[in-house]
Enquirer: 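One structure, as structure tokens, below. Some questions next.
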Amino acid sequence: MKQRGSGGDRPLSRRPGAGEGGDRRSEPTPTPARPKIDKASANDQALDSVIAADKREALKLAPVSHETEVRLDRYIALLREWQAKTNLVAPSTLPQLWTRHIADSLQLVDLAPTAKRWADLGSGGGFPGVVLACVLAGSPDASVHLVERIAKKAAFLREAIRITTSPGVVHLAEIGDNVDRITGPVDCVTARALAPLHQLIGFAEPLMRPGVKALFPKGQDVEAELTEAAKYWNIQPQLHRSRTGDGWIVELTSVERRR
């Protein structure tokens, strides 16, 4: 006989069995996974910001046209890409790419404003050679000869000239072999962070015809280098203070080996 409850003929309620949700303990809510931080990406973004600020300072020191700026942007992007596999500049100078390297190279243009044919000895990462080529792009009869002895760096220089559509010719050669590689006269010879001054003059001497100028960026010890160079060469140097640091630029218009 069924027992009546307040609700009619419903059967008596029973306790739920295991697994039916009665005394079942609630499962803990899983802790959300923390997003992974890409340290390399964060570092790149931080470096982007620093380089952008450095660029603004550099272009105050050495203003350029919009077209030249676009070419230089392409060049810097390529350099940063290649820097990961080929040491083109000292890693410590990456945050100052524009002031330490670009502006430092651009200031040479004002010291030889009519020069259209340049020879850059030991071009390395392209300073000043690629920078000069970017400035000269579009100028009739302009050309920059970039002499580099390391194959990987020469390959980079060729790619930099290509993507910036600049008038450069890369010569994979020992620095002392430049006279056989460079055909035709040049207006200006330069080299940056390559060798002591007396050696640079020896590299440049075969190209130093009448009317040709040499511009060699140097550091604070320029007086010592000039003293040493005077033992081997008759020179009358003119010094220009660098806009981008404590260094100097040595200008030579003639060189003669001491007998």
Side-chain angles (χ1 to χ4, degrees), residues 75 79 82-83 86-93 96-97 100-109 111-112 115 117-133 143-158 160-161 168-182 186-208 212-233 235 237-240 242 244-253 255 257:
Y75 168 44
L79 185 145
W82 279 59
Q83 177 73 13
T86 303
N87 191 36
L88 299 170
V89 297
S92 61
T93 67
Q96 295 84 38
L97 273 173
R100 180 78 174 268
H101 298 298
I102 296 289
D104 194 58
S105 300
L106 287 172
Q107 65 181 329
L108 300 182
V109 177
L111 297 178
R117 297 176 298 273
W118 291 71
D120 181 31
L121 310 181
S123 297
F127 305 107
V130 173
V131 176
L132 296 171
S143 63
V144 180
H145 295 274
L146 300 100
V147 182
E148 175 54 46
R149 66 181 183 84
I150 299 175
K152 286 184 178 180
K153 291 183 177 180
F156 166 75
L157 294 170
R158 292 191 185 97
I161 291 297
V169 181
V170 179
H171 305 279
L172 177 58
E174 292 294 330
I175 309 305
D177 295 338
N178 63 75
V179 70
D180 296 326
R181 303 276 179 164
I182 299 173
V186 298
D187 302 317
C188 194
V189 183
T190 188
R192 182 175 181 265
L194 177 63
L197 184 61
H198 72 278
Q199 293 182 12
L200 292 182
I201 296 173
F203 294 145
E205 191 264 344
L207 301 171
M208 294 288 291
V212 177
K213 181 182 293 189
L215 295 173
F216 299 130
K218 283 293 174 183
Q220 294 180 337
D221 58 348
V222 65
E223 291 293 346
E225 291 203 41
L226 286 168
T227 299
E228 182 66 16
K231 297 177 182 178
Y232 307 93
W233 303 95
I235 53 175
Q238 184 175 354
L239 294 182
H240 305 274
S242 173
T244 61
D246 298 327
W248 298 83
I249 300 167
V250 179
E251 177 181 343
L252 301 172
T253 53
V255 297
R257 193 180 296 273

Enquirer: Locate the shortest heavy-atom distance separating Val89 from Asn87; write the atom from each residue and the value.
Expert: O-OD1, 2.9 Å

Enquirer: Rounded to the nearest 0.5 Å, how far does CG of Leu157 lie from NE2 of His171?
Expert: 11.0 Å

Enquirer: Taking Arg192 first and then Asp104, would you say they form a salt bridge - that is, a charged N and a carboxylate O separated by under 4.0 Å?
Expert: yes

Enquirer: Return the minimal non-hydrogen interatomic distance between Gly125 and Leu79, and the atom names on each side.
Expert: O-CD1, 3.9 Å

Enquirer: If every non-hydrogen atom of Leu121 is compared with every non-hydrogen atom of Ala191, which pair is closest and at what distance?
Expert: O-CB, 3.5 Å

Enquirer: Verify side chain to side chain contact (heavy atoms under 4.5 Å, CB included) between Leu239 and Leu226, making sure each step is shown before the conclusion.
Expert: CA-CA 10 Å; Leu239 294 182; Leu226 286 168; 4.0 Å; yes

Enquirer: Show every donor-acceptor pair shorter than 3.5 Å between a side-chain atom in residues 212-224 and any protein atom, with sequence neighbours excluded, or say none if there are none.
Expert:
| from | atom 1 | to | atom 2 | distance (Å) |
| --- | --- | --- | --- | --- |
| Lys213 | NZ | Leu111 | O | 2.8 |
| Lys213 | NZ | Glu251 | OE2 | 3.3 |
| Lys218 | NZ | Ala195 | O | 2.7 |
| Lys218 | NZ | Glu225 | OE1 | 3.1 |
| Gln220 | NE2 | Asp246 | OD2 | 3.1 |

Enquirer: Should Gln83 and Pro91 count as side-chain neighbours, where that means a heavy-atom distance under 4.5 Å?
Expert: yes

Enquirer: Should Val147 and Phe203 be marked as a side chain to side chain contact (heavy atoms under 4.5 Å, CB included) after you check the CA-CA gap, both sets of side-chain angles, and the distance that decides it?
Expert: CA-CA 11 Å; Val147 182; Phe203 294 145; over 6 Å; no

Enquirer: Verify the neighbour count for atom CZ of Arg158: are there more than 12 heavy atoms of other residues, nucleotides or ligands below 6.0 Å?
Expert: yes

Enquirer: Would a 4.5 Å heavy-atom cut-off, applied to side chains only, mark Leu146 and Val130 as touching?
Expert: yes

Enquirer: Atom CG in Leu108, atom OG in Ser242: separation rounded to 0.5 Å?
Expert: 9.0 Å

Enquirer: Please report the shortest heavy-atom distance between Leu172 and Ala154, naming the atom on each side.
Expert: CD1-CB, 3.9 Å

Enquirer: Check each of Gln107, Gln96, Arg100, His101 against Thr244 using the side-chain contact (heavy atoms from CB on, under 4.5 Å) test, and report the only one that passes.
Expert: Gln107

Enquirer: Out of the candidates Leu106, Val109, Val144, Asp120, only one should pair with Val131 under the side-chain contact (heavy atoms from CB on, under 4.5 Å) rule; please name it.
Expert: Leu106

Enquirer: What distance separates Glu228 CD from Leu197 CG, expressed to the nearest 0.5 Å?
Expert: 10.0 Å

Enquirer: Can you tell if the side chain of Trp233 reaches within under 4.5 Å of the side chain of Glu205, non-hydrogen atoms only?
Expert: yes

Enquirer: Of all the heavy-atom pairs spanning Tyr75 and Ala160, show the shortest one and how long it is.
Expert: CD1-CB, 4.0 Å

Enquirer: Closest heavy-atom contact between Val250 and Pro237?
Expert: CG1-CB, 4.1 Å

Enquirer: What is the distance from atom OG of Ser123 to atom CG of Leu88, rounded to the nearest 0.5 Å?
Expert: 12.0 Å

Enquirer: Out of curiosity, Met208 CE to Leu252 CG, how far, rounded to the nearest 0.5 Å?
Expert: 6.0 Å

Enquirer: Could you label the plane-to-plane angle of the Tyr232 and His198 rings as parallel, tilted or perpendicular, counting under 30° as parallel and over 60° as perpendicular?
Expert: parallel

Enquirer: Let me confirm one number: the CD1-CZ distance from Ile182 to Arg117, rounded to the nearest 0.5 Å.
Expert: 12.5 Å

Enquirer: Verify side chain to side chain contact (heavy atoms under 4.5 Å, CB included) between Thr190 and Leu132, making sure each step is shown before the conclusion.
Expert: CA-CA 11 Å; Thr190 188; Leu132 296 171; 4.3 Å; yes

